Novice: 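For reference, the structure I am asking about is given below.
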Amino acid sequence: MTDEDNPSDEISRIEARIEELAEVCERCRKIILVSKAAIAGGGALLLLVMLGLFGSNQVAAIGSIAAVLGGIVSLGSNVSTLRQTMDAMNAAESLRSDLIGRIDLRVVGDSTSRRDGADQNFRLS
């Protein structure tokens with residue numbers, strides 16, 4: 001049997017790819033959270049500097065502006081990456097489902113390979 005004849009190997013590769021994509025999604029979510037915190041922190045610091053509560057510190061003002069802009073750029077980039085990764089993950093899951101659907105299932109305890117009603121127990125052969 002070749003790899004083309006055995007969908008189990010292909011399903012295993014697809015599942016490994018789905019796990020990799022899930023890790024990328026989780027990393028993006030963490031970076032998105034940090035980006036939102038940078039935007040909020042930079043905005044709050046800029047507001048404090050503008051109101052004079054933090055003093056007249058130009059370095060703090062420039063730093064807060066940099067934090068806001070950096071957070072916005074990072075947020076936008078990671079939201080885009082997250083969407084693309086989720087699309088790739090959905091496509092891989094669809095392909096995996098299709099491959100699983102092509103596998104010839106047989107009834108547990110039955111020596112012949114066939115498909116019967118939906119109420120019977122099936123397993124991968």
Side-chain angles (χ1 to χ4, degrees):
M1 231 183 218
T2 65
D3 285 341
E4 295 169 356
D5 296 331
N6 189 1
S8 298
D9 294 335
E10 184 66 21
I11 291 170
S12 295
R13 282 191 291 275
I14 291 171
E15 287 176 346
R17 177 71 176 142
I18 290 171
E19 287 177 18
E20 291 172 8
L21 292 171
E23 290 174 8
V24 171
C25 286
E26 188 59 33
R27 194 174 326 121
C28 285
R29 286 185 184 103
K30 289 177 183 177
I31 294 171
I32 288 169
L33 183 62
V34 170
S35 298
K36 288 179 179 180
I39 293 169
L45 181 59
L46 184 60
L47 182 64
L48 290 175
V49 169
M50 289 177 67
L51 294 175
L53 300 175
F54 194 72
S56 178
N57 192 345
Q58 295 173 348
V59 174
I62 292 172
S64 64
I65 292 169
V68 170
L69 292 177
I72 290 170
V73 169
S74 178
L75 178 69
S77 173
N78 280 284
V79 166
S80 174
T81 301
L82 179 62
R83 286 183 186 147
Q84 292 171 356
T85 304
M86 292 295 293
D87 289 344
M89 203 159 94
N90 290 336
E93 287 173 348
S94 176
L95 179 59
R96 179 185 64 181
S97 295
D98 185 45
L99 286 173
I100 290 172
R102 290 183 192 171
I103 294 175
D104 189 24
L105 302 174
R106 53 185 177 155
V107 178
V108 175
D110 189 2
S111 62
T112 61
S113 180
R114 63 184 179 149
R115 289 186 179 183
D116 287 344
D119 58 331
Q120 295 184 4
N121 295 323
F122 291 101
R123 70 173 182 179
L124 295 176
S125 52

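Keep in mind that this is a model prediction, so the values were computed, not measured. Any value given below was found using the heavy atoms of this structure, including those in side chains, with hydrogens, waters and symmetry copies removed.
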Novice: Which residues, ordered by chain and number, are linked to Leu46 in its hydrophobic cluster, where ILVMFWY side chains connect at heavy-atom gaps below 4.5 Å, directly or through other members?
Specialist: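 Once heavy-atom contacts under 4.5 Å are chained together, Leu46 belongs with Met50, Ile65, Leu69.
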Novice: Linking I/L/V/M/F/W/Y whenever any side-chain heavy atoms sit under 4.5 Å apart, do Ile100 and Ile14 land together?
Specialist: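 Yes, because Ile100 and Ile14 connect within a single hydrophobic cluster, where side-chain heavy atoms sit under 4.5 Å apart.
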Novice: Would you list the atom pairs, donor with acceptor, under 3.5 Å between side chains in residues 16-25 and any protein atom, with sequence neighbours excluded?
Specialist:
none

Novice: Which heavy atom in Val49 sits nearest to a heavy atom in Ala60, and how many Å separate them?
Specialist: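 Minimum heavy-atom contact is CG2-CB, 3.9 Å.
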Novice: State yes or no: do Ile62 and Ile39 share one hydrophobic cluster built from I, L, V, M, F, W and Y residues joined by side-chain heavy-atom distances below 4.5 Å, directly or via other members?
Specialist: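 No: no chain of side-chain contacts under 4.5 Å links Ile62 to Ile39.
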Novice: Side-chain donor-acceptor contacts of residues 26-37 below 3.5 Å, not counting sequence neighbours, with atom names and distances?
Specialist:
residue, atom, partner, partner atom, Å
Ser35, OG, Ile31, O, 2.8
Ser35, OG, Ser74, OG, 2.7

Novice: Do you know the tightest heavy-atom contact between Ser64 and Ala61?
Specialist: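 Shortest heavy-atom separation between Ser64 and Ala61 comes out as OG-O, 2.7 Å.
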Novice: When rounded to the nearest 0.5 angstrom, what is the spacing between CG in Leu75 and CD1 in Ile72?
Specialist: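 Answer for the CG-CD1 pair, Leu75 versus Ile72, is 8.0 Å.
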Novice: Which value, rounded to the nearest 0.5 Å, describes the distance between Ser77 atom OG and Leu82 atom CG?
Specialist: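 Answer rounded to 0.5 Å: 11.0 Å.
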Novice: Excluding sequence neighbours, so at least two apart, what forms side chain to side chain contact (heavy atoms under 4.5 Å, CB included) with Leu47?
Specialist: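 Side chain to side chain contact (heavy atoms under 4.5 Å, CB included) list for Leu47, sorted by chain: Leu51.
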Novice: How would you list all residue pairs meeting side chain to side chain donor-acceptor pair (under 3.5 Å) that involve residues 92-101, not counting sequence neighbours?
Specialist: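 Qualifying pairs: Asp98-Arg102.
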Novice: Say whether, by atom type as modelled, one donor and one acceptor occur between the side chain of Ser80 and the main chain of Gly76 under 3.5 angstrom.
Specialist: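 Not at all, since once roles are kept as given, no pair shorter than 3.5 Å links the two residues.
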Novice: Kindly state each residue pair satisfying side chain to side chain donor-acceptor pair (under 3.5 Å) with at least one member in residues 81-92, sequence neighbours excluded.
Specialist: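 Found none.
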